[in-house]
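Accompanying notes for the structure given below.
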Amino acid sequence: MAKINPRPSIMEIALYQGGASTVEGVKNVVKLSSNENPFGPSPKAIEAVRKVAHELHRYPTTDHGPLRRAIAETFNLWSDNIICGVGSDEILSFLCYAYAGDGGEVLYTEHGFSMYRISALAAGAVPVSVPEKNRVVDVDAILAAAGDKTRLVFVTNPGNPTGTMIGEGDIRRLAEGLPKHILLVIDGAYADYIEGFDGMAKLTHAYDNMFITRTFSKLYGLGGMRVGWGYGPKYIVDTLNRIRGPFNLSVPALAAAEAAVLDREYAEKCRVENTRLRAWLAGALAEHGVSSDTSMANFILARFGSQAEAEACDDYLKSQGIIVRRVAGYGLPHCLRITVGDEASCRRVAHAVGQFKDGQHGKSV
Ligand SMILES: *Cc1c(COP(=O)(O)O)cnc(C)c1O
């Protein structure tokens with residue numbers, strides 16, 4: 001039978017691998033594989049969703065005015081320069097369709113987020129990976145790789161799964177050094193974990209070729225609601241709005257995100273707790289001989305001696321009901337990404353890694 005063929009680039013897309021949440025035959029599983037907030041969303045966000053439950057027959061706003069104004073007030077930004085999407089994933093996808101969908105190149109870095117490649121291919125763009133240097137974004141390598149065909153450059157800052165960061169000087173160097181036809185996109189999914197940091201949002205006021213993305217899925221604990229936002233020059237927001245579905249965000253999603261961003265006390269509590277537990281977990285892993293770069297996000301990239309050791313540790317953790325993330329697909333086969341959970345989860349994973357390391361040493365003696 002003759003099959004109907006899609007555009008060739010579609011078949012190059014490997015299906016996205018989400019973090020697992022169950023282990024067969026193991027109870028009391030702790031999921032540390034998807035960088036979710038272990039404390040859940042603000043109680044005010046949950047209450048806001050309850051309140052709109054009787055309005056589900058109504059269409060949502062199409063301009064997201066209340067949410068954009070809440071974001072703008074909170075971070076001291078311009079509401080007209082904000083676009084909201086079904087997760088920041090949708091914003092990344094709009095960018096690929098709008099600026100590179102005619103076969104243009106989309107650059108991202110070696111250990112960058114897997115959605116850049118997927119969104120580029122889906123849009124008909126050509127994904128291009130640029131090397132990093134010791135798990136840190138390399139500005140010079142990006143500048144060297146960017147050319148006539150390049151349309152977009154995606155930089156995750158802080159990085160996922162590396163947790164490392166580049167500073168404002170480096171971002172400026174990119175914005176100023178890239179050829180003028182290229183849009184620089186800074187993905188700030190983890191920006192909220194850094195005190196007083198706006199994910200370089202205000203820096204976009206100074207550049208016509210720079211855009212940022214943020215999300216409610218990480219610090220705000222709303223991954224299940226699917227809300228993200230983009231910020232940058234208004235002419236870019238206006239462009240992206242042409243391909244945005246008019247009702248892309250649901251009534252409950254809008255209500256939850258607005259309440260969550262306005263609850264500063266809760267967000268701050270989660271941020272402080274993440275910082276404390278992240279330092280503790282990194283220290284505990286180091287004591288067991290597992291090193292990591294200083295992470296600025298809500299996870300730690302644990303480095304092992306080899307791919308075999310990382311996989312053996314992952315298997316052991318799974319047998320103990322602890323799910324972490326393998327990151328071979330991100331060019332880091334000897335590493336495991338471990339989300340910073342609540343205190344009990346951090347203690348549990350550190351203890352299990354210690355047991356694994358001891359057992360291994362026991363065997364080799
Ligand atoms: C989690 C994450 C996102 C956010 O995705 P959403 O679609 O907003 O849930 C974006 N970029 C990176 C690098 C991430 O890790």
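Each ligand, and each atom within it, is numbered from 1 in the order the structure gives. Reckoned from all heavy atoms, side chains included, excluding hydrogens, waters and symmetry mates.
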Min heavy-atom dist Ser88 to ligand 1 below 4.0 Å =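 So Ser88 counts as touching ligand 1.
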inquiry  = Against ligand 1, does Asn35 come closer than 4.0 Å with any heavy atom?
reply    =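 Flag not set, Asn35 not near ligand 1.
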Suppose I only count heavy atoms of [X] and a 4.0 Å limit; which atoms of ligand 1 are within that range?
X: Thr156; answer: 13 (C)
X: Tyr190; answer: 1 (C), 14 (C), 15 (O)
X: Ser217; answer: 6 (P), 8 (O), 9 (O)
X: Lys218; answer: 1 (C), 2 (C), 3 (C), 4 (C), 14 (C), 15 (O)
X: Ala189; answer: 2 (C), 3 (C), 10 (C), 11 (N), 12 (C), 14 (C)

key: Contact partition for Arg226 relative to ligand 1, non-hydrogen atoms under 4.0 Å   =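 For Arg226, the contact with ligand 1 is made by the side chain alone.
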query = How does Phe216 reach ligand 1, by side chain, by backbone, by both or by neither, if only non-hydrogen atoms under 4.0 Å count?
reply =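 None of Phe216 does.
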ask   = Less than 4.0 Å between a side-chain N and a carboxylate O, is that true for Lys44 and Glu47?
value =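 No, no charged N to carboxylate O under 4.0 Å.
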query = Would Asp192 and Arg214 pass as an ion pair if we require N to O under 4.0 Å?
reply =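 Salt bridge between Asp192 and Arg214, a charged N being under 4.0 Å from a carboxylate O: yes.
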May I ask you to establish whether [X] and [Y] are in a cation-pi arrangement, using a distance under 6.0 Å from NZ or CZ to the six-membered ring centre and at most 45° from the ring axis?
X: Arg271; Y: Tyr193; answer: no
X: Arg347; Y: Trp280; answer: yes
X: Arg117; Y: Phe154; answer: no

Which side-chain N or O atoms in residues 176-186 pair as donor and acceptor under 3.5 Å with protein atoms at least two apart or in another chain?
residue, atom, partner, partner atom, Å
Glu176, OE2, Tyr207, OH, 2.3
Lys180, NZ, Ala175, O, 3.4
His181, NE2, Gly147, O, 3.2
His181, NE2, Asp148, O, 3.3
His181, NE2, Thr150, O, 3.2

